[in-house]
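Taking it in order: structure first as structure tokens, then the write-up.
These numbers come from the heavy atoms of this one structure, side chains and all, not from hydrogens, waters or symmetry mates. If you're wondering where the values come from, they're calculated on a predicted model, not measured in any experiment.
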Amino acid sequence: MTTALPQPLRNLRILSLALNLPGPAALVRCARMGALCTKLEPPAPAGQPSADPMASYSAVAYAAMHEGVRVLHAHLKTPEGQATLHQELAHTDVLITSFRPSALDKLGLGWEALHARYPQLSLVRIVGSEGDRAEEPGHDLTYQADAGLVNGLHMPPSLFADMAGSLVASEAVLQAQLARLQDGHGVCLEVGLAESAQWLALPATWGLMQPDSDVGGAHAGYRLYPCADGRVAMAALEPHFAVRLCQAAGLPALGDAGTMRAAATHAAIAAFVAPQTRAQLDALALAHDIPLHTLA
């Protein structure tokens, strides 16, 4: 029996002006928590499906991030667009933006002006970096690089800063709603994508990913090994899992930290895994309750 997901934002009215990835990803998360979500986009250029670049980057991603979201169109630099915007703001609880603060000021959406006109409205302002660096240009790649998440010349496997920022932004919506319940007034919360990337990078900052760390490769039960037709991500970190791995590999069933860090244990487990196929390792995991995941 499954339990229905809680709806902590049921009927909360959210308007988003944010394009690309972090804002729309945050908005759809809020919709899944019960919020009534509207996105106001500029009119689409001729021949384009949307003014949001994400629609051109990936129609699949755009569709996924707008499921359950009402989409309106208006040019905010025109009187007509401003009229549409303020018609929506008059019955909005939280506004999400992804403009630089100076751009918000030019649109009449600086926090002081916004709060004076709509005292119950909260603003979640997504920026590249918080505080004094909020005007600096950047993108996911630069924020990841700044956080130390980019290695060599290889592109990162995902847009981690943007997606982390979307999580922090949806959390900020929850925080804003809780704050407003206390005194009835809206609040302004700033979400920095650079700081979101730095949050993801904290384990590395703390030294947890160094080669001499148990989760950085020093523990023979927690590392990647080549196998006959691919790789296996082994995650037998806790002693009881390490004991089962050692038993399966024909080693003494100790599983203590000293044993699992020993070079001989690394070599023995590597030799045990190397000739086995992914299917054999998957079966091993099921039979012995060992956490692992095989990869091509």
How about [X] and [Y]: do any of their side-chain heavy atoms sit closer than 4.5 Å?
X	Y	answer
L15	V94	no
K39	L17	no
Q82	L76	yes
L237	H219	yes
F241	D289	yes
L189	Q175	yes
E190	L123	no
L141	P156	yes

Taking all atoms of both residues into account, what is the closest heavy-atom pair of [X] and [Y], and its distance?
X	Y	result
L121	L95	CD1-N, 3.9 Å
E195	S129	OE1-CA, 3.6 Å
V273	P226	CG1-O, 3.5 Å
A61	M54	CB-SD, 4.0 Å
F160	Q144	N-NE2, 3.2 Å
A51	P45	CA-CD, 3.9 Å

Any donor-acceptor N/O pair, [X] side chain to [Y] backbone, under 3.5 Å:
X	Y	answer
T205	A201	yes
D93	I14	no
D140	A161	yes
T142	G138	no
R13	H91	yes
S213	L208	yes

Exercise for review: Could you go through the side chain to side chain contact (heavy atoms under 4.5 Å, CB included) check for E41 and H66 one step at a time?
Suggested key: CA-CA 12 Å; E41 294 183 0; H66 292 77; 3.8 Å; yes
Review point. Stepwise, does the side chain to side chain contact (heavy atoms under 4.5 Å, CB included) test hold for Q177 with S122?
Key: CA-CA 8 Å; Q177 178 65 356; S122 291; over 6 Å; no
Point to revise | Salt bridge flag under 4.0 Å for residues R278 and D229 | key: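 No, this pair does not count.
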Review point. Is the shortest side-chain N to carboxylate O distance from R70 to E88 below 4.0 Å?
Key: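 Answer for the salt bridge query: yes.
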Just how far is it from atom [atom1] of [X] to atom [atom2] of [Y], taken to the nearest 0.5 Å?
X	Y	atom1	atom2	result
M65	S16	CE	OG	10.5 Å
T294	L284	OG1	CG	11.0 Å
L114	T97	CG	OG1	9.0 Å
L254	Q247	CG	CD	10.0 Å
L292	R231	CG	CZ	13.5 Å
L295	L224	CG	CG	7.0 Å

Practice item. Check the angle between the aromatic planes of H185 and H115 and answer parallel, tilted or perpendicular using the 30° and 60° thresholds. Key: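 The arrangement is perpendicular - the two ring planes meet at more than 60°.
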In this structure, would [X] and [Y] fall into the same cluster of hydrophobic residues linked by side-chain contacts under 4.5 Å?
X	Y	result
L21	L200	no
M260	Y225	yes
V127	L27	no
L12	V168	yes
I96	L89	no

Taking atom [atom1] of [X] as the centre, report whether more than 12 heavy atoms of other residues, nucleotides or ligands fall under 6.0 Å from it.
X	atom1	result
Y222	OH	no
D256	CG	yes
W199	CH2	no
Q87	CD	no
R29	CZ	no
H154	NE2	no

Point to revise | Pair T84-L40, side chain to side chain contact (heavy atoms under 4.5 Å, CB included): steps then yes or no | key: CA-CA 9 Å; T84 298; L40 187 57; 4.3 Å; yes
Review point. Is the gap between the ring centers of H139 and Y143 under 6.0 Å?
Key: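 Aromatic pair excluded; centres sit 6.0 Å or further apart.
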**Study point:** Verdict with reasoning, D212 to R261, per salt bridge (charged side-chain N to carboxylate O under 4.0 Å, His left out)
**Key:** CA-CA 9 Å; D212 60 352; R261 292 171 186 157; over 6 Å; no
Review point. Out of I269, L251, T265, which residue meets the side-chain contact (heavy atoms from CB on, under 4.5 Å) rule with L245?
Key: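 Of I269, L251, T265, side-chain contact (heavy atoms from CB on, under 4.5 Å) with L245 is met by I269 alone.
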Point to revise | Test side chain to side chain contact (heavy atoms under 4.5 Å, CB included) applied to N20 and Y57, step by step | key: CA-CA 9 Å; N20 279 311; Y57 299 151; 3.7 Å; yes
